[in-house]
Amino acid sequence: MTIKDIINQPSFRFHKLNRKRGKDLEGFFAIDVKTVRQQWRMLVRPLDSELKPFDGRSIDEIAMDAKAIEVKEISKHYE
C-alpha cells in the first residue's frame with residue numbers, strides 16, 4: 001500500500017496544507033477521518049525510506065515513493 005491508495009479514495013478528501021492558525025504546515029496533508037460534516041481529520045506528512053520529509057516535491061512525485069507518514073495530529077478541524 002502506498003499513499004497513492006489514500007489519495008485515490010475520494011471519501012478521505014486528501015488535500016495539501018500550508019498554514020493552520022499560524023502554524024507552518026508546509027509538506028503536510030489532511031485526511032478526513034470520519035466525514036466532512038463531523039470535521040475530524042488527520043494531519044500527515046509523507047516520509048522517505050530514511051524517515052525524512054520530501055521537501056519541495058509535489059504529492060504526485062512522491063506518492064509511490066513514500067515509505068511512511070508522520071502523523072502530526074488528529075483533531076476536530078474548526079475547534
Side-chain angles (χ1 to χ4, degrees):
M1 177 179 241
T2 67
I3 203 156
K4 188 75 167 176
D5 297 315
I6 295 169
I7 294 168
N8 287 333
Q9 294 296 318
S11 62
F12 291 138
R13 267 189 31 46
F14 185 89
H15 56 281
K16 184 175 174 49
L17 299 173
N18 292 316
R19 295 192 74 72
K20 178 188 174 191
R21 294 186 198 124
K23 295 179 191 174
D24 180 13
L25 296 173
E26 186 66 36
F28 282 89
F29 297 84
I31 300 169
D32 287 344
V33 178
K34 290 194 173 204
T35 67
V36 174
R37 290 183 78 196
Q38 292 177 330
Q39 303 168 345
W40 284 92
R41 70 180 186 175
M42 183 181 333
L43 304 185
V44 301
R45 177 167 50 180
L47 304 173
D48 65 17
S49 60
E50 296 178 9
L51 302 180
K52 294 182 181 176
F54 290 93
D55 293 328
R57 293 172 61 191
S58 74
I59 192 63
D60 292 330
E61 292 175 307
I62 64 172
M64 297 303 287
D65 297 328
K67 302 298 182 197
I69 59 170
E70 171 188 347
V71 177
K72 184 169 182 74
E73 70 181 49
I74 299 174
S75 63
K76 196 160 186 182
H77 180 54
Y78 291 107
E79 288 186 355

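You'll find the side chain of R45 stays beyond 4.5 Å of the side chain of L17, heavy atoms only. Within the 4.5 Å cutoff, no side-chain heavy atoms of I69 are placed close to those of L47. E26 is listed as a side-chain neighbour of K16, based on a closest heavy-atom distance under 4.5 Å. In this structure, the side chains of E70 and F28 come closer than 4.5 Å at one or more pairs of heavy atoms. Inter-residue side-chain proximity for I59 and I7 is flagged as met; some heavy-atom pair is nearer than 4.5 Å.
Side-chain polar atoms of S11 and Q9 form no donor-acceptor pair below 3.5 angstrom.
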D65/D48 under side-chain contact (heavy atoms from CB on, under 4.5 Å): CA gap, chis, key distance, verdict: CA-CA 7 Å; D65 297 328; D48 65 17; over 6 Å; no

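Atom CE in M42 sits 14.5 Å away from atom NZ in K72 (nearest 0.5 Å). Separating the NZ atom in K4 from the CZ atom in F14 is a distance of 10.0 Å, to the nearest 0.5 Å. Rounding to the nearest 0.5 Å places CG of D32 at 9.5 Å from CZ of F12. Rounding to the nearest 0.5 angstrom, the gap separating the CZ atom in F29 from the CD1 atom in I6 is 11.5 Å. I3 contributes atom CD1, which lies 6.5 Å from atom CD1 of I62 (distance to the nearest 0.5 angstrom).
In plain terms, the two heavy atoms of P46 and G27 that are nearest each other are CD-O, 3.8 Å.
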